[in-house]
Amino acid sequence: MKFTQPVDSNLFDDAKVVGKPMQRIDGPLKVTGTAPYAYERNDAAPDALYGYPLGAAIGHGRITRMDAEAARSAPGVRAVVTTLEIDPLEKGINNVARLFGGAEVQHYHQAIAVVVADTFEQARAASALIEVDYEEGTPADLDLDAAFERMQGTGEPDTLVGDVEAAFRDAPHVIDQMYHTPAESHTMMEPHASTVDWSDGEDMTVWTSNQMINVNLKSIAATFGIDRERIRVESPYVGGGFGSKLWLRADAVLAALGSRAAGVPVKLALPRPMVMNNTTHRSATVQRIRLAARADGHLTGIWHEAAAYCLPGGRGENPTAQTPIFYAGDTRRVKNHVVDMPLPETADMRAPGEASGLMALEIAMDEMAEALDMDPVQFRIINDTQVDPANPDIPFSDRHFVECLERGAEAFGWSKRNTTPGEQRDGDWLIGHGVAGAYRGALVLPSGARAILDGGKLIIETDMTDIGTGSYTILAQTAAETMGMDVADVEMRLANSAFPASSGSGGQFGAPSSASGVYAACMALRDKIAGNLGIEDASFNGGRVTGGDTDMALSEINEEVSTEDAIQWGDFQKDYAMGTFGAHFVEVGVHAYTGETRVRRMLAVCDAGRIINPITARSQVIGGMVMGVGAALSEDMALDRGRGFFANHDMANYEVAVHADIPEQEVIFLDTLDGVATPLKAKGVGELGLCGVAAAIANGLYNATGIRVRDYPLTMDKFIDRLPAI
Amino acid sequence: MRAFSYEKPADPAAAAARAAEVEGAKFLAGGTNLLDLMKLEIETPVHVIDVNGLGLDEITETEEGGLRIGTLVTNTALSADSRIRRDYPLLTRAIAAGATGQLRNKATTGGNLLQRTRCPYFYDTNMPCNKRKPGSGCGALTEGAFSRQLGVIGTSDACIATHPSDMAVAMRALDAVVETVTPAGMTREIPIEEFHLLPGDTPEQETALMPGELITHVRLPAPVGGTQEYHKVRDRASYAFALVSVALVRQSDGSGRVALGGVAPKPWRSDAADKELPNGASAVMSVLLDGARPTEENAFKITLAERTLAAMLKEA
Ligand SMILES: Cc1cc2nc3c(=O)[nH]c(=O)nc-3n(C[C@H](O)[C@H](O)[C@H](O)COP(=O)(O)OP(=O)(O)OC[C@H]3O[C@@H](n4cnc5c(N)ncnc54)[C@H](O)[C@@H]3O)c2cc1C
Ligand code: SF4
């Protein structure tokens, strides 16, 4: 199915299943501990042995010697594969550092050996017996601030509209500040894990934890130089990914090599310390933001220049992602610099770009509102735009940012807040309120599915993943709606490379893309059923197909009917800017003596088109808000600048938010529909919930204390000297 | 984790004797610290002596009017004991501020005192660490290293780690006494003040215990009364070690006791600083933290300690 024009009316207009709250169908499996996760595929690979990885002990350099004799002769050990025995493997899609092979060490904890043994403890103990000598690389300059200083003003701007310098010269109100966001780790609960059967070195089966099956399949094929047809990848349950499982990682590669060497299936999970330094993370950023405004609050200049780092050939974080498009403004200059640094690999983490960009931009907006003596809600409303500011002929497909702000202000009681910083107290706590805007692009990707009607049951097969997001449930709802059937009669089969390729899960494109793919497959199935029965204008309702003289239950169709289709996206979408929008409101308490900062109340208002399932969508948004609390207040991968690695590489030291950090959370979804975005008029929402949260908290901290902190996380060491005297 | 042998001795004296006899032996109590460290091969005992079931799990009253806590009393049981809650609320508050319910159910009194530092370089066997591997250097004191959580006072050029326990800070403020049995079968008493050692040139030596010596009890003197508070400051609201913690006992005449956690290799208290309590937080800290040598990253702990005490004094 090609999506060639905006939808006006279709079967979702009077939806009976889509848009309704429905508990996730995989919930019981998860709460009873019976969902088969990658490391526990005892059902599929009961005889799998245990693999354990060894990571490099230096920031970068070369391995000069490895001696694995002691490991090989340790109790229970079946095989040891060291990186020196293997030529550097080819890289998979979006892999920057190689995952294994060769003497070069590109970053700390890069995998350099795998041990296979009868028990986990034997494998782990043996891995510690491998001796490695290194030649350390020349110490690298890991100072991102200095790099920004060097690069500032260089290179072609990514976006340039009008004469920014002139705008800043002429404007009555200008702000110009530096902002810092730290490196962040995805820190999902389930580490990267795979069980691989490559026992005979021929066909390979990979039970893994991955967000994009088809990409993973291609990457494995490329990495090992084998035909895709000989590989099967399954990832039916994923214990969180947040982007860290988009691309092939070392767990699957090491398990495969271990399996081939030992001649048995092997399972391997990355130990938590390796998750932090072996896999990917979000780059730290340095951002300079300059805003110019007229006295009436209209922005006349937006100037955003930033820097992030990556390994040579990588991408880094682009915190300017939202700046070309989020707010109106007469002139604009946007530039992101990416600096090569020999640090662990940077890649996508939930809302890559916008998450760290809005952490800065939305503080800047608060600062400008204050400079204008204007309510920050009102200031954002004034600077709303319904077109792409750089290309005014391109309208937003559907944008209700203003309504998000207005509804949120109303529901939160914004007008009742204290507007003079530092003047509201609750005992020892200074109380403040903050607002921030949220924006995240609404990307869609091609996505396929197979729909099979078999004895009154509908089976949907697609390689789409459910990374804890609710794909099983919303795709079943979409299929049931399209076929006029009951959700209970739909069986979902996901995340298997034997099924049609989908968008996969990431970039909040998963839900809208894969639901459209399932819709396409089901529409094709309807056509085929109608064709088989010779009906012209068939309608599908209540588990029956009717039309002409026919009125029969789908369960009466004895022959299995199967179709496969995929959604393809027409060029017309390029005539629109597509995004999702939101507003976050928070109440923050800052201890007047210690500077401990705790969030007391949170509200998000989201504009993301049709909400396919309010329960799973709300879970996504509140999960994003939780992540935003961590980003604001505690998450910080601590870089050892001398050694070039992240020193706080476990969950005791890298502090994500815990239950006690999370207050009452409220989410309001605007009742919007975006017929340009997808046939369901739905967009993604999984990343929107994170965007802007941290800045709302920073703005709340300012309102509470009168102290502007522009350097995340907002820990007391950065402002305790500026708290009220004792 | 290295392979190890395991035994369950018959009584405390036998446990101590065996521990001295077998080189590289370790006692196992709740296991919440030892097992984690063994998994990472930071601790590599060849022999594990399980002291559970030795009957050291009761809290009894002493003749002086205090309490005698068996080393195997769990943190949960200790903090919930009605006598502790009534007469030593500081201890209850400090324990409840640590770890999680599940961990406190397993953690024991002696084990808690003996938990090891949370220095990230101690935890990474690829890194130099004088405490883990004497003579290898201090990973946290090199240029550009991460030292935000580490100690500001009582540290040395060899090691700036902190002792991470919350319970121990309260024990220090309450003048607890550690009772032990030596490998020779003798009992011994060690005031908590002398129990933990400063690192000096030998950060691997952390306590006054001799090889094989087993903690049997921790004794609390008669209750000191007053208002007792424990304020633990951390970046997130729970499940994190203290950046700074303050244990305060305050009498109605303004006198009292102050002990700090999160700043030093041992619970940090001094008589001279206690005497300054009537003069306020700043007076106390200028004595208690005199001679502090923070790193650039953790200098804020000095201000934080003073401000935390100020908040508590205002409340008390
Ligand atoms: C995730 C996590 C978070 C935590 N958070 C906190 C926190 O916030 N605050 C806090 O204070 N603590 C915290 N802890 C630490 C916890 O309090 C300790 O792990 C616990 O108290 C140790 O007691 P245990 O009985 O389990 O000791 P074990 O692990 O059994 O033993 C610890 C050490 O003591 C020795 N030992 C045990 N008993 C004796 C004895 N009778 N005589 C001589 N030697 C003995 C052992 O040989 C070992 O060396 C945390 C721990 C974890 C894992
Ligand atoms: S501070 Fe102490 S524990 Fe930490 S690395 Fe240095 S010597 Fe080791």
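Since the model is a prediction, treat every value here as computed from it, not as a measurement. Convention: sequence-line order gives letters A, B, ...; per-chain numbering from 1.
Between the side chain of B:Arg236 and the backbone N or O of A:Val656, at least one donor-acceptor pair lies under 3.5 Å. Of the possible donor and acceptor atoms, none in the side chain of B:Arg234 sits under 3.5 Å from a partner among the backbone N and O of A:Glu596. A:Arg643 contributes a side-chain N or O that, together with a main-chain N or O of B:Gly139, makes up a donor-acceptor pair within less than 3.5 Å.
Both the backbone and the side chain of A:Glu655 come within contact range of chain B, with heavy atoms under 4.5 Å apart. Heavy atoms of B:Thr308 lying under 4.5 Å from chain A belong to its backbone as well as its side chain. Contact of A:Phe120 with chain B is not made at all, since no heavy-atom distance falls under 4.5 Å. Only the backbone of A:Ala592 comes within contact range of chain B, judged by heavy atoms closer than 4.5 Å. The contact between A:His649 and chain B is made entirely by side chain atoms (from C-beta outward), counting heavy-atom distances below 4.5 Å. B:Lys39 touches chain A through backbone and side chain together, each having a heavy atom under 4.5 Å away. B:Tyr121 touches chain A through its side chain: at least one heavy atom from C-beta onward sits under 4.5 Å away, while N, CA, C and O do not. When heavy atoms are compared at a cutoff of 4.5 Å, B:Glu41 approaches chain A solely by way of its side chain, counted from C-beta outward. Using a 4.5 Å cut-off between heavy atoms, A:Ala74 makes no contact with chain B at all. With a 4.5 angstrom heavy-atom cutoff, A:Leu639 touches chain B only via backbone atoms.
Annotation for A:Thr594 and B:Leu304: closest pair O-CD1, 3.4 Å, computed over non-hydrogen atoms. Looking at every heavy atom in both residues, A:Val658 comes nearest to B:Ser238 through CG2-O, 3.6 Å. Pairing each heavy atom of B:Met127 with each of A:Phe645, the nearest pair is CE-CZ, 3.5 Å. The heavy-atom pair separating A:Ser634 from B:Asp235 by the smallest distance is CB-CB, 4.3 Å.
In this structure, the side chains of A:His591 and B:Val233 stay at 4.5 Å or more apart for every pair of heavy atoms.
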**Study point:** Test side chain to side chain contact (heavy atoms under 4.5 Å, CB included) applied to B:Lys301 and A:Asp717, step by step
**Key:** CA-CA 8 Å; B:Lys301 288 188 172 191; A:Asp717 45 322; over 6 Å; no

Review point. Could you walk me through whether A:Met716 and B:Leu243 pass the side chain to side chain contact (heavy atoms under 4.5 Å, CB included) check?
Key: CA-CA 10 Å; A:Met716 80 278 288; B:Leu243 291 167; 3.8 Å; yes

Check your understanding: Does the pair B:Glu306 and A:Ile726 meet the rule for a side chain to side chain contact (heavy atoms under 4.5 Å, CB included), with working shown?
Key -> CA-CA 9 Å; B:Glu306 182 179 328; A:Ile726 50 173; 4.0 Å; yes

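Between chain B and the residues A:Arg598, A:Lys718, A:Glu121, the most heavy-atom pairs under 4.5 angstrom are made by A:Arg598. Most heavy-atom pairs under 4.5 Å with chain B: of the set A:Pro713, A:Gly642, A:Ala57, A:Pro75, this distinction falls to A:Ala57.
Of the N and O atoms on the side chains of B:Gln149 and A:Asn653, at least one donor lies less than 3.5 Å from an acceptor on the other residue.
From B:Arg307, atom CZ reaches atom CG of A:Leu723 across 5.0 Å, with rounding to the nearest 0.5 Å. B:Phe146 contributes atom CZ, which lies 5.0 Å from atom CG of A:Asn648 (distance to the nearest 0.5 angstrom). Between A:Asp636 atom CG and B:Arg148 atom CZ the span is 7.5 Å, to the nearest 0.5 Å.
Scored by the side-chain hydrogen bond (donor to acceptor under 3.5 Å, both in side chains) test, B:Glu204 finds no partners at all (sequence neighbours excluded). Taking A:Tyr108 as the reference, B:Asp124, B:Asn126 meet the side-chain hydrogen bond (donor to acceptor under 3.5 Å, both in side chains) condition, with sequence neighbours excluded.
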